[in-house]
Amino acid sequence: MFESGHDLTLFDQNTKKPLRCRVQVILPIDRPYDYILPYGPDGQQINLEPGQIVQVPVGRRILPGVVWDGAADEDVPLKKLKEIISVSEAIPLKAELRKFVEWVSSYTLSPQGSVLKMALSVPQALETIVGQKLYHLVVGREPQEGFRITAARQRVLDLVSDSGGWVLGDLAKEAAVSSSVIKGLEQAGLIESYFDRPDFSFPAPKSDIKGPELSHGQREAADDLMARVREHVFSTVLLDGVTGSGKTEVYFEAVEAAMKEGRQVLVLLPEIALSSQWLDRFEQRFGVAPAEWHSELSPALRRKTWRAVSEGKASVVVGARSALILPYDNLGLIIVDEEHEGSFKQEDGVYYHARDMAVVRAKCCSCPVVLASATPALETMINVQNGRYDRLILPGRHGGAGMPDVELIDLRFDKPERLNTGPGWLSQALRGAIRKTLDAGEQAMLFLNRRGYAPLTLCRTCGHRMQCPHCTAWLVEHRRFARLQCHHCGFNTALPNACPSCAAEDTLVACGPGVERIVEEAKKLFPDANVALMASDTMTSPAATREMVKSIQNREVNLLVGTQVVAKGYHFPYLTLVGVVDADLGLFGGDLRAAERTFQLLHQVAGRAGRAEHKGRVLLQTSDPNHPVMQTLKAGDRDKFLEQEAETRARGHLPPFGRLAAIIVSGPDESELDNFCASLARAIPQIDGAQILGPAPAPLALLRGKFRRRFLIMSKRSIAPQGIAKEWLSRVKPSSRIRVVVDIDPYSFL
DNA sequence: AGCACGCCGACT
DNA sequence: GTCGGCGTGCTC
């Protein structure tokens, strides 16, 4: 395009060709495009360095992009080329981040532009930041002849004589004048305006605050971490310690060491929304709040944080997985807390596991990464065993409280514990234990990882089951709202009076328990108790959560019913009994990590019992008491569980002893989908050390109105499934109505 | 991801 | 005869 008006200077003096460079734009495209370098005021082209952030025309839009490494392709015809529109004042992306983007892209099989888009997720941060126009007094200036200081003008002058600057609107309002009065004063030179470039820095954490006294074991671990931080070399270390062993205090020492080195720290947490307690602890330790990074941030705060991170003005960032790809100025330490948490796996857009990518990021930055957990993922433990990761073990519980006793309540029909009076979900044994706990003035908690009142509603007359119209899933009754809800797509409908199938009235019955139903039963059984419900839909705001936690901590509530949100690190010092209503719940569904997740969750829930001077007691209601998960929970033997789980996985060549990639094919037309899957199946390659299963209907065969099928690539550890997937899928072209996504290292089997 | 181009049904 | 549905393909 020659519309730029630079016809005379468009060509380089020597080659007579305009200079070009490669720019990766934030489109789902996996290679950079070529662009003509921009022209300076002197008509000369301005050379740009890799990493510089630019705005470029793409089609008929203008998009951000990044100047990429490597030479432009001189074969692209000149008439196709467009000129770079502008260069952002933001700091160029470092080589280490560009490498990381390339790595994530090739590992996840996502287009490079999609990965880059996550790094440039704040378009406002790339623009030139002007700031607010502020007015202040010109000191010592006398009004010119004929310029009268009226009462209105005087009010303005009185206000602007203070030290700060005034925004036009505020000043006019406060002085009760119109903006023309202010403009007039500016014209007369009595006041002047300036642009206040906002300060994007976060207050530096104070490192002079003395941390808590560490035990000998904690001190040793902390010293090890601090030494790693000072070395500036990549290493991965598992910080392994039970709940209450002080993992946070230990890694805070490493955080402090990094700050003293002048380097930034990233702390990844699984659920930032639920971590107000974490933030409080940080503030206590370091005197200031850290920079936060998660989806709830306001646009203004996002911009400020992005800039501060890239300019090294935020020394500690706490965030969800997306904080991993921010443009750090000098990252010196990454901490992944609760590293076993499944929510670190992102499953939309770019499918990546933040824990594993954190290790790669640390490698790119030559810094240590700390994985902290009381129940490490099997993957992590195996990496410790084969020497890829180091491990620091924190001894025992802090403050002397022992681990709680775990007992199993056998729910099988012939067992006496099951007997109870009337219908209900709480066995006689559990009821008795709750009674005793309440009578002793202590707190009890009932755990059931299922929201709502009942997971299934059916018609007593015709047997019709209330199902989501968009998903293969039952609708869950939420009695508090008299509604039926789909927990997969959010579909929501009023609980009908009559059966939608046979029109019989008042025949719909709730089947199975959800937490709301447990609350109902608990209130009936223990009318004297103060029962409270803690679930994600009752903790809608941080304030509501704080309120709830407070009412438990000061014992207004003595019988708590909760879903997995109660497992997340709250301290309830008077809680001595935990009853798990259905310990087997997570074991179903053919998920390869079902046992592991159940163990982790129940272990964590069990850890809620008995933290202060009182010993805790945990009762697990199970129909499968001989299951390894139940047996190892009872024995309190985490490593035994991991050992058994490792054996099971090794036998099935499952991760981490083999590799998996899921291919999810979806579309609105079922027969078209099946046809495509058949042609994919015909093209399945024969590869030594790998096999491809499928197509199988994905467990949620219908999700959000789309039909889904699934293939699974299983390969030996030595073979990367990425290559297989790429080669195989490239041979069968889907129609545009069919979507194919590749999920490397899948976690969710939905 | 957008956005335009392109080819078949209900309308001013 | 056109307006507009969304299927298809491209973006340096």
Side-chain angles (χ1 to χ4, degrees), chain A residues 1-4 6 10-12 15 17-39 45-88 93 98 101-102 104-105 108-124 126 295 322 325 346-352 664-673 675-676 679 704-707 729-730 732-742:
Chain A
M1 296 291 157
F2 286 82
E3 74 267 10
S4 54
H6 296 300
L10 192 59
F11 298 98
D12 178 79
T15 63
K17 277 184 185 165
L19 299 171
R20 37 178 103 183
C21 72
R22 305 170 86 205
V23 174
Q24 177 63 58
V25 292
I26 55 167
L27 286 181
I29 286 173
D30 55 8
R31 67 182 176 85
Y33 283 164
D34 296 340
Y35 282 88
I36 296 171
L37 286 166
Y39 292 85
Q45 280 186 291
I46 300 163
N47 193 35
L48 298 179
E49 297 297 324
Q52 284 194 278
I53 299 166
V54 294
Q55 299 284 333
V56 291
V58 186
R60 52 175 51 243
R61 290 180 296 160
I62 292 167
L63 290 175
V66 171
V67 177
W68 217 250
D69 308 75
D73 174 10
E74 294 296 328
D75 293 343
V76 178
L78 189 58
K79 65 175 170 61
K80 255 190 135 175
L81 292 188
K82 291 175 180 166
E83 191 184 317
I84 289 172
I85 288 174
S86 63
V87 181
S88 169
L93 301 192
R98 304 198 300 274
V101 167
E102 285 179 355
V104 172
S105 162
T108 61
L109 298 182
S110 306
Q112 201 162 270
S114 304
V115 180
L116 182 66
K117 192 179 180 185
M118 300 195 295
L120 303 184
S121 61
V122 193
Q124 305 96 301
L126 311 177
S295 55
S322 59
I325 199 156
Q346 171 139 47
E347 303 202 310
D348 53 85
V350 180
Y351 288 51
Y352 66 97
I664 298 143
V665 191
S666 62
D669 184 312
E670 195 167 17
S671 63
E672 187 188 10
L673 180 68
N675 285 337
F676 177 74
S679 53
R704 291 177 244 273
K706 284 198 168 171
F707 295 91
L729 297 175
S730 71
V732 190
K733 279 277 146 276
S735 87
S736 67
R737 285 145 46 79
I738 287 186
R739 240 169 77 80
V740 179
V741 296
V742 183

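Sequence lines set the chain letters: A, B, ... in the order given, protein chains first and strands last, and positions in each chain run from 1.
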Side-chain donor-acceptor pairs of residues 108-124 of chain A under 3.5 Å, sequence neighbours excluded:
unit_1: Thr108(A); atom_1: OG1; unit_2: Val104(A); atom_2: O; d: 2.7
unit_1: Thr108(A); atom_1: OG1; unit_2: Ser110(A); atom_2: N; d: 3.3
unit_1: Thr108(A); atom_1: OG1; unit_2: Ser110(A); atom_2: OG; d: 3.0
unit_1: Gln112(A); atom_1: NE2; unit_2: Gln24(A); atom_2: OE1; d: 3.1
unit_1: Ser121(A); atom_1: OG; unit_2: Met118(A); atom_2: O; d: 3.4

May I have the list of side-chain donor-acceptor pairs in residues 29-37 of chain A shorter than 3.5 Å, sequence neighbours left out?
unit_1: Asp34(A); atom_1: OD2; unit_2: Asp73(A); atom_2: N; d: 2.9
unit_1: Tyr35(A); atom_1: OH; unit_2: Pro57(A); atom_2: O; d: 2.8

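Leu63(A) CG to Gln55(A) CD: the interatomic distance, rounded to the nearest 0.5 Å, is 8.0 Å.
Heavy atoms of Pro57(A) sit under 4.0 angstrom from primed sugar atoms or phosphate atoms, though from no base atom.
For the OP1/OP2 pair of dC12(C) and a distance below 4.0 Å, the side-chain nitrogens and oxygens of Tyr35(A) include at least one atom meeting the criterion.
Partners of Arg704(A) by salt bridge (Lys or Arg N to Asp or Glu O under 4.0 Å), not counting sequence neighbours: none found. Residues passing the salt bridge (Lys or Arg N to Asp or Glu O under 4.0 Å) test with Glu74(A) are Arg20(A), sequence neighbours excluded. Tyr351(A) pairs by the side-chain hydrogen bond (donor to acceptor under 3.5 Å, both in side chains) definition with nothing, not counting sequence neighbours. A search for side-chain contact (heavy atoms from CB on, under 4.5 Å) contacts involving Glu672(A) returns Asp669(A), Ser735(A), Arg737(A), Ile738(A), not counting sequence neighbours. The side-chain hydrogen bond (donor to acceptor under 3.5 Å, both in side chains) test applied to Ser86(A) returns no partner, not counting sequence neighbours. Under the rule for a side-chain hydrogen bond (donor to acceptor under 3.5 Å, both in side chains), Gln52(A) has no partner lying at least two apart in sequence or in another chain.
Sequence neighbours left out, the pairs with a member in residues 57-71 of chain A that pass side-chain hydrogen bond (donor to acceptor under 3.5 Å, both in side chains) are Trp68(A)-Glu102(A), Asp69(A)-Arg98(A).
From the 5' end on, the contacts that DNA chain B makes with chain A at under 4.0 Å to a non-hydrogen atom open and close at dA1(B) to dA4(B).
Note: OH (Tyr33(A)) to P (dC12(C)) measures 7 Å, nearest angstrom. Rounded to an integer number of Å, the gap from Leu81(A) CG to dC12(C) C1' is 6 Å. Straight-line distance from the CD atom of Gln24(A) to the P atom of dC12(C): 13 Å, rounded to whole Å.
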Protein and nucleotides 4-10 of chain C: nitrogen or oxygen contacts under 3.5 angstrom:
unit_1: dT8(C); atom_1: OP2; unit_2: Ser736(A); atom_2: OG; d: 2.6

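Ser88(A) places no side-chain N or O within donor-acceptor distance of the main-chain N or O of Ile53(A), the cut-off being under 3.5 Å.
Contacts of residues 60-74 of chain A with DNA chain B (heavy atom under 4.0 Å): Arg60(A), Arg61(A).
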